[in-house]
Amino acid sequence: MTQRVRVRFAPSPTGEPHVGNVRSALFNWLYARHTGGVFILRIEDTDQQREVEGATEAIIESLRWLGLEWDEGPGVGGPYGPYIQSQRLHHYQQAAERLVQQGSAYRCYCSTERLQSMREEQQRRHQPPGYDRRCRDLTPEAEREHQRQGVVPVVRFKTPLEGETVCHDFVRGEVRFENRLLDDFVLLKSDGFPTYHLANVVDDHHMEISHVMRADEWLSSTPRHLLLYRTLGYEPPIFVHLPIILGPDRSKLSKRHGATSALAYRDTGYLPDAMANYLALLGWALDDSTEIFARDELVRHFSLERIGQSPAVFNGEKLLWMNGVYLRQLPLEALADQLAPFIAPTIGQESLTPEGRAYLLRVLPLVQERIKTLAEGPELVSYFFVDGLSYETSDLLPKGVTREATANALMVALERLRRAATFDAIALEGVLRPLAEELGVKTGQLFGALRVATTGRTAAPPLFQTMEVLGRERCLARVERAIALLG
RNA sequence: GCCCCCAUCGUCUAGCGGCCCAGGACGCCACCCUUUCAAGGUGGAGACCAGGGGUUCGAAUCCCCUUGGGGGCACCA
């Protein structure tokens with residue numbers, strides 16, 4: 001097997017991809033990059049009913065956001081295109097026709113209503129659901145009669161009645177399925193579109209996919225695919241079924257579990273590298289201790305052998321922590337870039353001017369180790385930019401200190417700040433720390449009052465550094481206003 | 001109902017027969033640092049390795065059964 005690795009992510013455009021889908025994409029991408037192979041994006045839009053407008057764009061956006069660029073697929077083309085299944089219908093129709101000719105498939109004229117009632121009947125009698133094969137051995141006459149009546153048939157696969165199909169999965173090992181338990185599944189729908197099974201097999205073959213890496217929920221349809229490969233005379237790929245991702249309630253992750261769309265995480269301020277790092281650890285692990293992987297390390301270390309087999313619960317808390325880790329690692333300039341779109345609405349145009357940018361770069365060291373998502377940006381930086389702080393007057397009062405004493409302390413502090421030779425953190429500390437003693441209050445009490453006065457918050461970055469960044473003018477005005485509030 | 005998969009702290013996981021009366025991480029608790037909040041540091045609680053049988057001198061690791069969980073059984077992917 002010296003063949004080049006060719007893997008694919010093949011989503012159907014039925015909505016925004018959620019983290020589970022994106023995890024599959026990531027694993028495929030990682031494997032391609034690790035092996036120097038090819039990563040392909042293929043859109044499986046074979047269900048016209050379920051197709052959601054804008055979904056393909058959402059898929060593309062999600063992959064781009066995560067940095068999972070594809071080597072072949074929509075937008076970039078490639079030698080095996082087109083990469084959108086609705087544009088490849090003739091391939092599937094041809095394959096289906098070939099199977100019918102060769103006696104491995106047949107046209108089925110059963111109505112949806114009949115199939116429906118058949119299924120209900122089977123359920124009632126506790127029989128295994130599945131097509132009853134009524135049309136499997138139709139006489140040419142009967143078939144002509146259906147056609148005369150204008151019934152548009154589907155094409156079904158003639159599943160072997162006996163024997164078993166053995167699937168070799170890279171992570172599960174050998175999995176056996178009895179053929180008699182499989183029914184004659186549809187290959188081509190009456191609208192001329194293929195089902196997933198047909199399209200998937202035909203395309204994976206034509207596109208020379210070497211490894212089919214997909215979520216575990218596909219394991220049970222793998223025997224069908226294998227059967228198709230065999231009857232079509234195709235060489236099957238290596239199957240790699242990834243452990244499924246569960247919600248907190250341990251059921252398959254879905255919209256029901258809250259924010260699961262990849263783009264929702266982008267919009268709430270998660271970094272793509274953090275997301276990729278976290279997702280990589282869902283179903284894969286390098287060793288007993290490495291947790292944080294830069295992108296290139298992920299690529300370097302990723303291997304199929306270390307993919308796990310048990311389902312993993314998506315844990316937002318750990319993602320949040322990891323996002324904080326990445327945020328803290330970011331160079332200031334990069335953090336500013338990432339934060340810009342999030343804080344622009346609250347701090348306005350100022351963020352766009354060179355002065356505003358320079359100011360922001362002075363603010364950021366103070367918030368960097370406190371920020372866990374970019375969406376927290378506005379909350380954390382607003383008071384550096386926006387005047388007219390709103391806070392409870394009571395917040396100004398330290399425990400055990402009266403209103404008068406606080407007002408007085410602030411007035412004295414105001415004077416000292418006004419006269420301070422320089423307005424940097426060291427000078428400010430030199431001025432304010434002795435002041436506490438002089439006034440007979442604890443440093444924490446004085447600093448607390450000043451913190452609320454200057455930031456409007458009881459919790460904020462270190463006071464002196466904050467005041468330095470805010471600047472004398474702003475600080476004086478804010479302390480004055482606090483005194484007014486107390487008076 | 002039938003088929004398939006899975007099973008180590010609440011969660012993600014390491015462990016592929018002796019190094020494990022089970023290691024790391026998130027979360028939680030305490031302490032330290034400290035002007036608050038974080039970050040960081042230290043420590044702690046937390047898994048009788050789902051249960052029961054085997055195999056073996058020896059099992060979290062191999063086999064079987066049970067139980068539990070999940071997935072799949074469409075002219076959806």
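Quick note on labels: first sequence line is chain A, next is B, and so on, each numbered from 1.
- The side-chain hydrogen bond (donor to acceptor under 3.5 Å, both in side chains) contacts involving residues 434-448 of chain A comprise A:Arg416-A:Glu438, where partners must be two or more places apart or lie in separate chains.
- Sparse packing is recorded around CD of A:Glu392, with 12 or fewer heavy atoms of other residues, nucleotides or ligands lying under 6.0 Å away.
- When ring centroids are compared, A:Trp321 and A:Tyr278 stay outside the 6.0 Å threshold.
- Applying the salt bridge (Lys or Arg N to Asp or Glu O under 4.0 Å) criterion to A:Glu317, with sequence neighbours excluded, gives no partner residue.
- At a threshold of 4.0 angstrom between heavy atoms, the contacts of A:Pro243 with the nucleic acid are absent.
- Spacing between B:C48 and B:C57 at atom P, rounded to whole Å, works out to 29 Å.
- The base-pairing partner of B:U11, taking Watson-Crick or G-U wobble contacts with both distances under 3.5 Å, is B:A25.
- Taking 4.0 angstrom as the limit, A:Arg328 places none of its side-chain polar atoms (N or O) nearer than this to OP1 or OP2 of B:A38.
- Taking the C1' atom of each, B:C9 and B:G24 are spaced 12 Å apart, rounded to whole Å.
- Counting non-hydrogen atoms under 4.0 angstrom, A:Phe177 reaches the backbone sugars and phosphates but no base.
- A search for side chain to side chain contact (heavy atoms under 4.5 Å, CB included) contacts involving A:Leu397 returns A:Arg403, A:Thr406, A:Leu486, not counting sequence neighbours.
- Between B:G15 and B:G53, the distance separating the two C1' atoms is 24 Å to the nearest Å.
- Using a 4.0 Å heavy-atom distance criterion, A:Pro11 is classed as making no nucleic acid contact.
- Along RNA chain B, the nucleotide nearest to A:Phe447 and the one nearest to A:Leu282 differ in position, and the one closer to the 5' end is contacted by A:Leu282.
- Residue contacts for A:Gly283: at a heavy-atom cut-off of 4.0 Å it reaches the sugar-phosphate backbone alone, with no base atom in range.
- Regarding A:Tyr92, its OH atom lies at a distance of 13 Å from the C1' atom of B:A77, rounded to whole Å.
- Residue-level contact check: A:Pro194 touches the backbone only, with heavy atoms under 4.0 Å from sugar-phosphate atoms and none from bases.
- Scanning atom types as modelled, no donor and acceptor separated by under 3.5 angstrom connect the side chain of A:Ser310 and the base of B:C6.
- Distance from the side chain of A:Ala285 is smallest for B:A14 among the nucleotides B:C4, B:A14, B:C75.
- Checked for salt-bridge contact, A:Glu178 and A:Arg176 miss the test: no charged N lies under 4.0 Å from a carboxylate O.
- Looking at heavy-atom distances under 4.0 Å, A:Cys167 makes no contact with the nucleic acid at all.
- Nucleotides B:U8 and B:G69 are separated by 14 Å at their P atoms, to the nearest Å.
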Legend entry - nucleotides 66-74 of chain B: protein proximity per nucleotide (B base, S sugar-phosphate only, - neither; heavy atom, under 4.0 Å): ---SSSSBS
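- Each of B:A77, B:C75, B:U11 was ranked by its minimum atom distance to the side chain of A:Ser12; first place goes to B:A77.
- Nucleotide B:C73 is matched to B:G1 when pairs are restricted to Watson-Crick or G-U wobble geometry with both distances under 3.5 angstrom.
- Listed by residue number, the members of residues 370-379 of chain A with any heavy atom below 4.0 angstrom from RNA chain B are A:Arg370, A:Lys372.
- In this structure B:G68 sits in a base pair with B:C6, meeting the Watson-Crick or G-U test at under 3.5 Å.
- When the shell of 6.0 Å around CD of A:Glu174 is examined, it contains more than 12 heavy atoms from other residues, nucleotides or ligands.
- Whole-Å rounding puts the A:Ile43 CD1 to B:A77 P distance at 14 Å.
- Using a cut-off of 4.0 Å between Lys/Arg side-chain N and Asp/Glu carboxylate O, A:Lys255 and A:Glu16 are scored as not salt-bridged.
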Inset, instruction - Start with the C-alpha gap between A:Thr373 and A:Asn323, add the side-chain angles, then the distance that decides, and say whether side-chain hydrogen bond (donor to acceptor under 3.5 Å, both in side chains) holds. - result: CA-CA 7 Å; A:Thr373 70; A:Asn323 201 50; 5.6 Å; no
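- Taking every side-chain heavy atom of A:Leu219 into account, B:C4 is the closest of B:C4, B:U13, B:C26.
- A:Ala460 comes within 4.0 angstrom of a nucleotide base, judged by non-hydrogen atoms across all strands.
- Separation of the P atoms belonging to B:A50 and B:C32 is 39 Å when rounded to the nearest angstrom.
- A salt bridge links A:Asp203 with A:Arg88: the distance from a Lys NZ or Arg NE/NH1/NH2 to an Asp or Glu carboxylate oxygen falls below 4.0 Å.
- With B:U13, B:A77, B:A25 as the candidates, the nucleotide lying closest to the side chain of A:Asp47 is B:A77.
- With C1' as the reference atom, B:C49 and B:G23 are 13 Å apart, rounded to whole Å.
- Taking the P atoms as reference points, B:G27 lies 12 Å from B:A38, given to the whole Å.
- Between A:Arg23 atom CZ and B:C12 atom C1' the separation is 12 Å, expressed in whole Å.
- For the pair A:Lys318 and B:U13, the criterion of a side-chain N or O lying under 4.0 Å from OP1 or OP2 is not met.
- Taking atom C1' in both B:C19 and B:U42, the straight-line distance is 27 Å, to the nearest Å.
- The partner of B:A30, taking Watson-Crick or G-U wobble pairs whose two distances both stay under 3.5 Å, is B:U42.
- Going from atom CD1 of A:Ile307 over to atom P of B:C5 covers 18 Å, rounded to whole Å.
- For A:Asp395, the side chain to side chain donor-acceptor pair (under 3.5 Å) test picks out no residue, with sequence neighbours left out.
- We find that CG of A:Asp395 is positioned 16 Å from P of B:U36, with the value rounded to whole Å.
- The 12-atom threshold is exceeded at CG of A:Leu181, counting heavy atoms of other residues, nucleotides or ligands nearer than 6.0 Å.
- One interatomic measurement links the two molecules: CG of A:Leu286 to P of B:G15, which rounds to 10 Å at whole-angstrom precision.
- Per the geometry, CG belonging to A:Leu364 stands 16 Å off C1' belonging to B:A39, to the nearest Å.
- At the heavy-atom level, A:Arg124 lies nowhere under 4.0 Å from the strands shown.
- Nearest nucleotide to the side chain of A:Ser190, out of B:A38, B:A25, B:C75: B:C75.
- As a whole-Å value, the separation of A:Asp288 CG from B:C9 P is 17 Å.
- Look at A:Arg370 and A:Glu379 and you find no salt bridge, because none of the NZ, NE, NH1 or NH2 atoms lies under 4.0 Å from a carboxylate O.
- Closest to the side chain of A:Val313, from the set B:A77, B:A14, B:U11, is B:U11.
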